[in-house]
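Following: one structure in structure tokens, then a few remarks.
Proteins come first, then strands; the chains are lettered A, B, ... in the order of their sequence lines, and each starts at number 1. The model shown is predicted, which means the values in this text are computed figures rather than measured ones. Worth knowing before you read on, the calculation uses all heavy atoms, side chains too, and leaves out hydrogens, waters and symmetry mates.
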There are 2 protein chains.
Amino acid sequence: MTASTALEHILEGLEQADGHAGLQVAIEALRDEMNVDHMVYHWVDSAGDQYGCGTYPAEWVQRYLDQNYLRVDPVIAGCYQRFHPVDWKRLDWSSKASRAFQKEAISYGVGNQGFSVPIRGPNGQFALFTVSHSGNDADWAAFTEEHTRSMLLIAHAFNHKALDLEPDRTPEHAQALSPREVDAVTLLAMGYNRAQVAQTLTISEHTVRVYVESARFKLGAMNTTHAVARAISRGLIVV
Amino acid sequence: MTASTALEHILEGLEQADGHAGLQVAIEALRDEMNVDHMVYHWVDSAGDQYGCGTYPAEWVQRYLDQNYLRVDPVIAGCYQRFHPVDWKRLDWSSKASRAFQKEAISYGVGNQGFSVPIRGPNGQFALFTVSHSGNDADWAAFTEEHTRSMLLIAHAFNHKALDLEPDRTPEHAQALSPREVDAVTLLAMGYNRAQVAQTLTISEHTVRVYVESARFKLGAMNTTHAVARAISRGLIVV
DNA sequence: CATGACCTCCCTATTTTGGGGGAGGGGAAA
DNA sequence: TTTCCCCTCCCCCAAAATAGGGAGGTCATG
């Protein structure tokens, strides 16, 4: 069985997976098939919702959640703004908190080597597909060299499957801002003040204020800063 | 040749593609192989950079860029906040501008049917992989029914290939904010004013001001709103 | 052990924003 | 045709943010 046929087999198996339980079964099978210590898929969205499945010990998962390690984990920090897969070795482990975290993770049976693929989900979810293993650097380098491409495809297939289980929440507030409101809020997000916005849009400063107030109201925002934050988070403006 | 073997073949072909020119060749081959009118991959990032390859007539591409149709295109608007593939029929074509755009697109040879897969890229790029075709609804429904899964995988494979050509710009300002600054800016983004932030963090309002000023400076922001916008855009805070 | 980065506190003055009123014209939809 | 939303303009005044100074502590890194 060639590597590519194996990949095909995996993707088909994943396709058959049924619900969250199915994903759990699939990821365990995948872990065994690729012969690594652990394999994990999880996502978290801006509202705080999260989902995960994988082969980490339940105690570690519980510990991670209890301690809100999401905010400390260098893997999260290092992957959050990227998309390319990263080897854990390339991350910044210099801080004290990072090293403590790493030590604790290893004590719970998480491997000393790891490889994570960051992906984005439908409603701003930040998803991560991770393989981890215990072993020396040379073996791990060989493993990643061989399986990176497959990992990418598997990660994406997993992401799609997992997110298919989520309702495709159409953002009902998506078109909540009028064009002029978008203009005004966008310019404010770019650092302009009201006078500059007014000049740029060649309207009076008072009119700008009306737009911003209207946008604030529609976004349920307490002030301009809040409105801009919400508009960006909801994808209503591009900055 | 089974469907899955064809997929395997396509993914391998894509793997071999070399540079932008290779992607262009690959997408044209793919278009022929899947027997549709057009196939397009493109992305745009928040800085305004964009990249695209595909089979649309050059005149249409030029027109699209000249007119900045990105801001009008209902496919963009409808896909921007999502991740799930969408059939163009499901989009909102009700506005006058949308219909005018659609009419013009068709006049340039873009099919009346379409199917787009939105994806995210490394530096916040918004990528779209699209298949379009001319035909009646029934035929198109049958096509999408049959090829959705393959399209997803192809889209992701394409995305990775295309983004591999881009430098993996590690955000050097990624850890630019101190923990306290992150706290303050996050709370401001949540709509708190300085007094509330101070109370929440149990520090003086003046200290909050120092953090915000420092954050503004680090982010090169003109004011708090700007700083929040940048912090969100750069993934430094999660709101 | 010095330098620099971080955290914490305080002053005054100026600029910007927000809240409260309005008012008129246009266009789309019901 | 009426209703509703969007765009545009104006007033005044209170509240909040910003700019410009400064000062003292910890902690890590070099």
Side-chain angles (χ1 to χ4, degrees), chain A residues 92-100 172-231 236, chain B residues 92-100 172-231 236:
Chain A
D92 174 23
W93 295 93
S94 61
S95 86
K96 205 168 57 178
S98 295
R99 282 190 297 263
E172 68 283 346
H173 40 247
Q175 289 295 29
L177 298 184
S178 76
R180 252 359 205 176
E181 286 160 4
V182 170
D183 290 343
V185 173
T186 301
L187 291 170
L188 289 174
M190 290 166 62
Y192 290 33
N193 62 28
R194 285 204 300 222
Q196 292 172 310
V197 172
Q199 197 177 9
T200 304
L201 299 178
T202 53
I203 54 178
S204 80
E205 197 175 328
H206 305 94
T207 304
V208 171
R209 215 186 60 186
V210 174
Y211 294 148
V212 177
E213 274 171 14
S214 170
R216 268 209 316 271
F217 176 75
K218 288 182 181 175
L219 294 167
M222 313 291 286
N223 51 45
T224 299
T225 300
H226 194 195
V228 165
R230 292 201 156 178
L236 300 176
Chain B
D92 175 23
W93 295 93
S94 62
S95 86
K96 206 166 60 179
S98 296
R99 283 191 298 263
E172 69 284 348
H173 40 246
Q175 290 296 30
L177 298 185
S178 77
R180 248 5 201 173
E181 287 159 2
V182 170
D183 290 342
V185 173
T186 301
L187 291 170
L188 289 174
M190 290 166 61
Y192 290 34
N193 62 30
R194 285 204 298 224
Q196 292 172 310
V197 172
Q199 197 177 8
T200 304
L201 299 178
T202 53
I203 53 177
S204 80
E205 197 176 328
H206 182 266
T207 304
V208 172
R209 213 186 64 182
V210 174
Y211 293 148
V212 178
E213 273 171 14
S214 172
R216 267 209 317 272
F217 175 76
K218 289 181 180 175
L219 294 167
M222 312 292 287
N223 52 44
T224 299
T225 300
H226 194 195
V228 166
R230 292 203 155 176
L236 300 175

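- Atom CG of A/Asp183 and atom C1' of D/dT8 are 14 Å apart (whole Å).
- Side chain of B/Gln196 to backbone of B/Asn193: a donor-acceptor contact under 3.5 angstrom is found.
- Nearest nucleotide to the B/Thr207 side chain, out of C/dC6, C/dT8, C/dG18: C/dT8.
- Here the side chains of B/Tyr211 and B/Ile203 are in contact, with some heavy-atom distance below 4.5 Å.
- Positionally, the nearest nucleotide of DNA chain C for B/Ile203 lies more toward the 5' end than for the other of B/Ile203 and A/Arg194.
- Distances shown here put a side-chain N or O of B/Lys218 below 4.0 Å from the OP1 or OP2 atom of C/dC6.
- With a 4.5 Å cut-off on side-chain heavy atoms, A/Leu188 and A/Val212 count as touching.
- Distance, A/Gln196 CD to D/dT18 P: 14 Å, rounded to whole Å.
- The backbone N or O of B/Gly191 lies less than 3.5 Å from no partner atom in the side chain of A/Arg230, so there is not a single donor-acceptor pair.
- Of the candidate nucleotides D/dC10, C/dC9, C/dG19, C/dC9 has the atom lying nearest to any side-chain atom of B/Ser204.
- For A/Asn223 and D/dA15, the CG to C1' distance is 12 Å, given to the nearest whole Å.
- Contact annotation: B/Arg180 side-chain N/O to C/dT8 OP1/OP2 distance is under 4.0 Å.
- Proximity of A/Tyr211 to the phosphate of D/dT8: a side-chain N or O atom is located under 4.0 Å from OP1 or OP2.
- Side-chain to base pairing of A/Arg209 with C/dG20: one donor and one acceptor N or O lie within less than 3.5 Å of each other.
- Going from atom NE2 of B/His226 over to atom P of D/dT18 covers 13 Å, rounded to whole Å.
- The residues B/Arg209 and B/Glu205 are annotated as not salt-bridged, no charged nitrogen and carboxylate oxygen being separated by less than 4.0 angstrom.
- When rounded to the nearest whole Å, the span between CG of A/Leu188 and C1' of D/dA17 equals 14 Å.
- Straight-line distance from the CE atom of A/Met222 to the P atom of C/dG18: 12 Å, rounded to whole Å.
- OP1 and OP2 of C/dT17 both lie 4.0 Å or more from every side-chain N or O belonging to A/Arg216.
- In this entry the distance linking CZ of A/Phe217 with P of C/dG19 reads 12 Å, nearest Å.
- Between B/Val210 and A/Glu213, the residue anchored nearer the 5' end of DNA chain C, judged by the nucleotide with its closest heavy atom, is B/Val210.
- Nearest nucleotide to the B/Thr224 side chain, out of C/dT8, D/dA17, C/dG18: D/dA17.
- Rounded to a whole Å, the CG atom of A/Leu201 is 17 Å from the P atom of D/dC6.
- Here the side chains of B/Asp183 and B/Thr200 are not in contact, with every heavy-atom distance at 4.5 Å or above.
- Phosphate contact (OP1/OP2 of C/dC6, side-chain N/O of B/Ser214, threshold under 4.0 Å): absent.
- Considering only the side chain of B/Asn193, D/dA17 comes nearest among D/dT8, D/dA17, C/dC9.
- For the OP1/OP2 pair of C/dC7 and a distance below 4.0 Å, the side-chain nitrogens and oxygens of B/Ser178 include at least one atom meeting the criterion.
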